[in-house]
Amino acid sequence: MDIRWDVVARFLPFLLEGVPTTLLLSVAGIGIALVWGLLLALGRLSPNAWFQRPAAAYITFFRGTPLLVQIMLIHYAAPQLFGYHPLPPLTDGILALGLNSSAYVAEIYRAGILSVPRGQMEAARSLGMSYRLAMRLVILPQAFRVAVPPLFNEFIALTKDSSLVFVLGVLELMSRGSVAAGTVYRYLEIWVPVALLYLALTSVFSLLAGAVERRLGLHDQRPQLA
């Protein structure tokens, strides 16, 4: 097998320097998604059409179009449409990832809220709680426990999707791999380490997800197989 380990040793530090940027893209993106996605979910569940329809349209658009196209729209088309100077590529990359992930997070939240028995809301209202207070103190805490596993799955998916931001020239892991491969034309020695670094990141996040689920006692709630 023709493998040049000197190439791996030469470019591995260069690739590792992209890991913090990949982490920043992923963590900041999911941070936006957790907040904006909750507002979208509440809008989607609202009986008021002024909230429900825009939220549904937003979710349909961002789930129905490629993330790569959304990155291009946000970085290149939005400044042209609204007449402002383009933001730094890293900022637009985080924004694009956050807005895209918000659509998926909103559906996760919505499923979690709908999984809470209706009687919980009725009981809270019968105790004199307002709708907002009942949602904040009774419904959302229960819905969040249900949503934890799929939210971590979305975070892991977002980490992998962050590689698409390389089209904006952000020097994250994928972009650095492209630069290194284009320099020495040794693809096996570059892309295998890149793949292993992504695998290492997602494996750490999976372990973290398992720890959080055990902390919340979610493993004990899994149905027993016959």
Side-chain angles (χ1 to χ4, degrees), residues 15 18-41 43-44 52-112 147 149-182 187 190-192 194-203 205-206 209:
L15 298 176
V19 172
T21 306
T22 294
L23 282 173
L24 175 62
L25 287 164
S26 306
V27 173
I30 199 66
I32 294 173
L34 289 175
V35 176
W36 184 228
L38 177 59
L39 296 177
L40 286 171
R44 186 86 166 80
Q52 196 273 337
R53 290 177 181 173
Y58 178 99
I59 293 169
T60 299
F61 176 80
F62 277 92
R63 293 181 68 192
T65 56
L67 174 56
L68 188 58
V69 174
Q70 295 164 19
I71 292 173
M72 294 298 189
L73 284 173
I74 289 171
H75 187 64
Y76 295 110
Q80 178 184 346
L81 179 63
F82 297 108
Y84 66 88
H85 293 290
L87 297 175
L90 178 62
T91 304
D92 273 345
I94 291 173
L95 188 61
L97 290 172
L99 294 180
N100 173 270
S101 184
S102 297
Y104 295 93
V105 169
E107 290 299 272
I108 293 171
Y109 278 137
R110 189 169 73 94
L151 285 177
F152 268 106
N153 288 338
E154 174 59 24
F155 179 43
I156 291 171
L158 184 67
T159 301
K160 292 182 288 185
D161 288 344
S162 69
S163 62
L164 293 177
V165 177
F166 90 99
V167 296
L168 301 183
V170 177
L171 279 177
E172 40 73 62
L173 189 50
M174 175 72 181
S175 183
R176 285 176 178 272
S178 181
V179 170
Y187 303 104
I190 299 299
W191 291 117
V192 169
V194 168
L196 292 177
L197 287 173
Y198 274 112
L199 179 61
L201 288 176
T202 55
S203 297
F205 297 151
S206 296

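Everything numeric in this text was worked out from a predicted model, so none of it was measured. Heavy atoms only: backbone and side chains are in, while hydrogens, waters and symmetry mates are out.
When the side-chain contact (heavy atoms from CB on, under 4.5 Å) test is applied to T21, the partners found at least two apart in sequence or on another chain are L25, L90, V170, E172. Partners of S178 according to the side-chain contact (heavy atoms from CB on, under 4.5 Å) rule, which considers only residues two or more places apart in sequence or in another chain, are W191. In this structure, the side-chain hydrogen bond (donor to acceptor under 3.5 Å, both in side chains) partners of T65, at least two apart in sequence or on a different chain, are Q70. Residues satisfying the side-chain hydrogen bond (donor to acceptor under 3.5 Å, both in side chains) test with D161, not counting sequence neighbours, are none. Taking the side-chain contact (heavy atoms from CB on, under 4.5 Å) definition, one finds that L23 meets it with V19, L201, F205, sequence neighbours left out. Partners of R110 under the side-chain hydrogen bond (donor to acceptor under 3.5 Å, both in side chains) rule, at least two apart in sequence or in another chain, are E107. Residues passing the salt bridge (charged side-chain N to carboxylate O under 4.0 Å, His left out) test with R53: none are found, sequence neighbours excluded. Residues passing the side-chain hydrogen bond (donor to acceptor under 3.5 Å, both in side chains) test with S101 are E154, sequence neighbours excluded. Remark: A56 engages R44, Q52 in a side-chain contact (heavy atoms from CB on, under 4.5 Å) (not counting sequence neighbours).
Here the CG-CG distance, from N100 to L68, works out to 11.0 Å after rounding to the nearest 0.5 Å. The structure places CG of L158 at 12.5 Å from CG of N153, a figure rounded to the nearest 0.5 Å. We find the CD1-CD1 distance between I74 and I94 to be 12.0 Å, quoted to the nearest 0.5 Å. For the atom pair R176 CZ and I190 CD1, the distance stands at 12.5 Å (nearest 0.5 Å). Atom CD1 of I156 is separated from atom CZ of F152 by 8.0 Å, given to the nearest 0.5 angstrom. For the atom pair CG (L87) and CG (L168), the distance works out to 11.0 Å, reported to the nearest 0.5 Å.
Applying the ring pair (Phe, Tyr, Trp, His ring centres under 6.0 Å) test to residues at least two apart or on different chains, the pairs with a partner in residues 59-108 are Y58-F62. For the salt bridge (Lys or Arg N to Asp or Glu O under 4.0 Å) condition, no pair includes a residue of residues 84-99, sequence neighbours left out. Evaluation of the salt bridge (Lys or Arg N to Asp or Glu O under 4.0 Å) test over residues 27-38, restricted to residues two or more places apart or in two chains, returns none.
V105 places none of its side-chain heavy atoms less than 4.5 Å from the side chain of W36. T22 is listed as a side-chain neighbour of Y198, based on a closest heavy-atom distance under 4.5 Å. Inter-residue side-chain proximity for L97 and L67 is flagged as met; some heavy-atom pair is nearer than 4.5 Å.
Shown here for A41 and A106, the closest heavy-atom pair between the two residues is CB-O, 3.4 Å. Here the closest non-hydrogen pair linking V27 and I30 is O-CG2, 3.2 Å. Across every non-hydrogen atom of A181 and Y187, the tightest pair is CB-CD2, 3.7 Å. Closest approach of S102 to G98, counting heavy atoms only: OG-O, 2.6 Å. Taking both residues in full, the closest heavy atoms of V165 and G93 are given as CG1-CA, 4.0 Å, listed atom of the first, atom of the second, then distance. In terms of heavy atoms, P150 sits closest to I108 at O-CD1, 3.6 Å.
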